[in-house]
Amino acid sequence: MPSELRRPTLRWGIIGTGLISSWFVGDMVVPRADVTATHVIQAIGSSSSEKGRAFVEKYGGDISPSIYGSYDAVYADPDVDIVYIGIPHAFHKDACLKAISHGKHVLCEKPFTLNAQEGQEVFNAAKKMGVYIMEAMWTRFMPLTAQLLRMIHREKVIGDVHRVFCDFGLVIDLDSLPATSRLKDPALGAGALLDIGVYSLTWGLLGLDEGIAGTALKPQVFSAQSISQGIDVATSIVLYYPQNGRQGILTSTMKTKSDPVFARIEGSHGTILIEGIATSVPHRFTVIPSDATAERQVYDAPPKVGKGFFYEADAVARDIAAGRVENATMPWGETLRVLALMDGIRAAGVSQED
Ligand SMILES: NC(=O)c1ccc[n+]([C@@H]2O[C@H](COP(=O)([O-])OP(=O)(O)OC[C@H]3O[C@@H](n4cnc5c(N)ncnc54)[C@H](OP(=O)(O)O)[C@@H]3O)[C@@H](O)[C@H]2O)c1
């Protein structure tokens, strides 16, 4: 096998120097024993070059990327293979389209865009340019997630699944945030559903049905949103599968920190509890057989190196080296399916401004 396929290299251009970009870059430079791809931080794009320099000093380790006081310079840099988009959701569409128009591959943070229509526009452009693009739904790429889904759907360790509960809650005090915060400003896409509810929804979809876009069953969706200062501070979703009676109860809130055991998957022969520091980061699951004499089995994530963003980045590098334009775990259709569900949750749900 050519070495580029065995251990591909990607040169990344980072768009935005906020929280998520710091986590992502930190993971790209963290030493790992079992490296399967080489990630080079080639360029940083920020609203100011001073901010870009401070970012590299703080999070960049030994790297020395080109630092630009604009995003456009990153898209135009011929040494950048792929652009990582880590700015508020409201700007994802525009940033993706600009990167694509320069022939760059793209990894864009979740939620991919504000709605399914924007997402479709971006995928149409990527298809036309023949470039790779993926939503950075990192939770789906963690080895523990893959193991859990295999055990549920293939090995049927808890028999037939009938319900999934999942919660993602963070305490976000809107009154203490500036009006310009991405967590508060409706124009930036603020709200619990797009920020964190997307993870609860994802666990529900993954736990209740082995299929993804193209093969998945279509659930009916019921929802309620509590609105404060123009954004949803709590969103609850019920997914109901009339085909087999399965139900998902999937919640998100900005008013309470969720329990470390953030999800419960119930089946005909047992229950699985999933836990982690956040609903996006599973670190353990426990299989509890309904037979009280049978032992519980605990499964832990591999020893912690970095935060776990390199799993998705390695997958992207392997895809691009193999000439693929989309990823099998998070294909374009799956991003659009989730966005369309979230459109429906907002459009048809019961909502009340406090
Ligand atoms: N995968 C995950 O676990 C995860 C976790 C957190 C966030 N995210 C996603 O990542 C994206 C960014 O979130 P974040 O928490 O990193 O946000 P953040 O800390 O507020 O940083 C966002 C960055 O975007 C740039 N930006 C451009 N226009 C902006 C504007 N009008 N207001 C604020 N920032 C602006 C700024 O960088 P410059 O000034 O350098 O240009 C800013 O530092 C969101 O879509 C979010 O959903 C994902």
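Start at 1 and go down the list; that is how both ligands and their atoms are numbered.
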Which residue and heavy atom of the protein sit nearest [atom], plus the separation:
atom: atom 19 (O) of ligand 1; result: Leu19 N, 2.9 Å
atom: atom 14 (P) of ligand 1; result: Arg182 NE, 3.3 Å
atom: atom 35 (C) of ligand 1; result: Pro88 CD, 3.6 Å
atom: atom 11 (C) of ligand 1; result: Ile87 O, 3.3 Å
atom: atom 2 (C) of ligand 1; result: Tyr199 OH, 3.3 Å
atom: atom 21 (O) of ligand 1; result: Gly18 CA, 3.2 Å
atom: atom 41 (O) of ligand 1; result: Tyr71 OH, 2.4 Å

Item to complete: Take every heavy atom of Phe55, measure it against each atom of ligand 1, and state whether any distance is under 4.0 Å.
Response: no
### Query
Quick one: does Phe24 get within less than 4.0 Å of ligand 1, heavy atoms only?
no
Counting heavy atoms under 4.0 Å, the part of Ile15 that contacts ligand 1 is neither
Going by the 4.0 angstrom heavy-atom rule, the piece of Phe112 near ligand 1 is neither
Using heavy-atom distances, let me know which of [options] sits nearest [atom].
atom: atom 47 (O) of ligand 1; options: His92, Lys110, Met137; value: Lys110
atom: atom 45 (O) of ligand 1; options: Lys307, His89, Glu135; value: His89
atom: atom 22 (C) of ligand 1; options: Gly86, Gly16, Cys108; value: Gly86

Within 4.0 Å of some non-hydrogen atom of Asp195, the atoms of ligand 1 are 47 (O)
For Ser47, the atoms of ligand 1 under 4.0 Å from one of its heavy atoms are 38 (P), 39 (O), 40 (O), 41 (O)
Point-to-point distance, once rounded to the nearest 0.5 Å, from [atom1] of [X] to [atom2] of [Y]:
X: Ile237; Y: Leu201; atom1: CD1; atom2: CG; value: 5.0 Å
X: His92; Y: Phe112; atom1: NE2; atom2: CZ; value: 9.5 Å
X: Ile85; Y: Lys98; atom1: CD1; atom2: NZ; value: 10.5 Å
X: Leu107; Y: Glu109; atom1: CG; atom2: CD; value: 7.0 Å

Geometric N/O contact [X] with ligand 1, under 3.5 angstrom:
X: Ser46; value: yes
X: Thr180; value: no
X: Ser280; value: no

What about the rings of Trp23 and Tyr59, do their centers lie closer together than 6.0 Å? no
Q. Would Trp203 and Phe262 count as a close aromatic pair, with their ring centres under 6.0 Å?
A. yes
Review point. Taking NZ, NE, NH1 and NH2 as the nitrogens, is one of them in Asp27 or Lys307 under 4.0 Å from a carboxylate oxygen of the other?
Key: no
Can a salt bridge be assigned to the pair Arg163 and Glu266 using a cut-off of 4.0 Å between side-chain N and carboxylate O?
yes
- Message: I'd like to know if the side chain of Asp343 pairs up with that of Gln117 as donor and acceptor (distance under 3.5 Å, no hydrogens or angles considered).
- Response: no
*Return yes if a side-chain donor-acceptor contact under 3.5 Å exists between Asn327 and Asp319, otherwise no.*
yes
Margin query: Strictly distance-based, threshold 3.5 Å: is any side-chain N or O of Asp209 a donor or acceptor partner for the main-chain N or O of Leu217?
Written below: yes
